[in-house]
Structure formats: structure tokens, C-alpha cells
Amino acid sequence: MVNLIIFGAPGSGKGTYASRLKDILNVAVIATGDIFREMIKEDTPLGRKVKSYVEKGLLVPDDITLDVLKENMAKIPRGRGFILDGYPRTVEQAKALDKIAKINAIIHLVVPDWIIIERLSSRRICKNCGAIYNLLFLKPKNDMICDHCGGPLYQRPDDTPEVIQQRIKVYEMQTRSLLEYYREKRIPFVEVKCEKLETPPEVIVQEILKGLKSLGLA
Ligand code: AMP
């Protein structure tokens, strides 16, 4: 059983890699951003509350986020580990996490800003099944229609250049102290650099697995 956190700027590919690692490592993936978007889509009372934060690229308050995390962790079958994607975003959140789980390693994705902006502004998502496309290098066969389920593709309201800049700024500011926090706690790091826009996800996933294997975690 392995418990991991994946860090990487929005658009660094965290979600894609986590979902591929999920089956290989037999872990659950908890992606707080996805959970919030689902709540907003379902228009739950809490969804209405988080909407204003998510749409501006601001952090949802810690108390709401921690409740959502706990609720989703409780659903993981016993003996199965997890990959956290999007949590923690603050040192306070990391400390709260320490009280509920032991983290075995940090996966840190290092991706230059220009790649993030290119990738995110051309990202499209299926409204129906959540499949992710990219108009630059992972185009749907039919314009704006999902290859898998025929659902309509949409652009996340926070995937616009202005909001992306804001999200990168928030990410860098918050993550610096988080990475320091885990380094001080001597949690092992698997650091993977992506310097090309078109590097296939398999290549990055293999690099992550190589790092985890060297730590005896895969
Ligand atoms: P993401 O999909 O990880 O880019 O997250 C999208 C948005 O969800 C963020 O811009 C925040 O508004 C919110 N969010 C996701 N995770 C957290 C978290 N751990 N703490 C606070 N807000 C979060």
C-alpha cells in the first residue's frame, strides 16, 4: 500500500499521470479540483458556495476542503493507498493531512510556464464522461465531440490565459513552502521534468514508476 501526493502546476499533466498510475499501483486517486467541479455541476448547496472561488482560480477555504478530503478518503477500501492530486495546497492543509494519513513519497512534476499556458488554453473536456482532449496534439476525431461517448466538449471556465496566469501564480506561491515542508520532514521526492510540449504521457509515467521503484514503493 502506498500513499502519494502529486505536485505540479495546473496543466502539468497531474490528472493524466495520476489516472494512469491508479491502475498500475492499485491506488485511489483523490483530485479535489475534480470533486469541486462535480459539486458545482450538481449544483449542491456546497457546490454553490465553492463555485465563486473555483471560477476565479482562488483557493476554496481550508475547512470546506478538509471536509471534502475526509469524506473521499473514507470511501477508499481498506488496504488500498491513494494519490492526492490538488491537495494539499497550503501548509495548514498538509498539517491537517498528517493527522489522517502517512505519506510515503511526493511526486513533483517540473514544467515550464509556457508549456502550461499552451496546454491549458487548448484543453477541452467531455461534458459527459470527463475525457480530456487537446486541440494541439490530442484532437477529437470529430470537431468538439467526444470520441468515447459522443458527448459535447467544453473549455473549463478557468482554462483561459488570464485565469491560467493567476493559477500558476497561486500554485508557485503556495507550493514553495509545501515542498519545503515535506523536504524538512524527509519525505522522499520523485522529481520529473517535462521540457517538451509533446512528450507522451507514457514516458512521464515510466519515469515516475522508475523513481518509485528506486524507493521500493512500486
Ligand atoms: P485543479 O483542478 O486542481 O486545478 O483545481 C481547480 C480549483 O479547485 C482550484 O483553482 C481551487 O479553486 C479549487 N481547489 C482544488 N483543490 C483545492 C485545495 N486543496 N484547496 C483549495 N482549493 C482547491
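We're numbering straight along the sequence, starting at 1. As the structure is a prediction and not an experimental result, all values here were calculated from the model. Order of appearance sets the numbers: ligands from 1, and atoms from 1 within every ligand.
The pair D34-R37 meets the salt-bridge criterion, with a side-chain N (NZ, NE, NH1 or NH2) lying under 4.0 Å from an Asp/Glu carboxylate O. The pair R124-D143 does not meet the salt-bridge criterion, since no charged nitrogen lies less than 4.0 angstrom from a carboxylate oxygen.
Figure legend: cation-pi geometry between R123 and Y133 absent, as NZ or CZ is not positioned both under 6.0 Å from the six-membered ring centre and within 45° of its axis.
Of the options L84, D85, T90, a side-chain contact (heavy atoms from CB on, under 4.5 Å) to Y87 is made by L84 and by none of the others.
Other residues, nucleotides and ligands contribute only 12 or fewer heavy atoms inside 6.0 Å of the OH atom of Y53.
Under the salt bridge (charged side-chain N to carboxylate O under 4.0 Å, His left out) criterion, E202 pairs with R20, sequence neighbours left out.
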Report each N/O pair between ligand 1 and the protein that falls under 3.5 Å, naming both atoms.
{"unit_1": "ligand 1", "atom_1": "2 (O)", "unit_2": "R37", "atom_2": "NH1", "d": "3.1"}
{"unit_1": "ligand 1", "atom_1": "2 (O)", "unit_2": "R37", "atom_2": "NH2", "d": "3.0"}
{"unit_1": "ligand 1", "atom_1": "3 (O)", "unit_2": "R89", "atom_2": "NH1", "d": "3.3"}
{"unit_1": "ligand 1", "atom_1": "3 (O)", "unit_2": "R89", "atom_2": "NH2", "d": "3.2"}
{"unit_1": "ligand 1", "atom_1": "4 (O)", "unit_2": "R167", "atom_2": "NH2", "d": "3.4"}
{"unit_1": "ligand 1", "atom_1": "5 (O)", "unit_2": "R89", "atom_2": "NH2", "d": "3.3"}
{"unit_1": "ligand 1", "atom_1": "12 (O)", "unit_2": "L58", "atom_2": "O", "d": "2.5"}
{"unit_1": "ligand 1", "atom_1": "16 (N)", "unit_2": "T32", "atom_2": "OG1", "d": "2.7"}
{"unit_1": "ligand 1", "atom_1": "16 (N)", "unit_2": "G86", "atom_2": "O", "d": "3.3"}
{"unit_1": "ligand 1", "atom_1": "16 (N)", "unit_2": "R89", "atom_2": "NH1", "d": "3.2"}
{"unit_1": "ligand 1", "atom_1": "19 (N)", "unit_2": "G86", "atom_2": "O", "d": "2.8"}
{"unit_1": "ligand 1", "atom_1": "19 (N)", "unit_2": "Q93", "atom_2": "OE1", "d": "3.1"}
{"unit_1": "ligand 1", "atom_1": "20 (N)", "unit_2": "Q93", "atom_2": "NE2", "d": "2.9"}
{"unit_1": "ligand 1", "atom_1": "22 (N)", "unit_2": "V60", "atom_2": "N", "d": "2.9"}

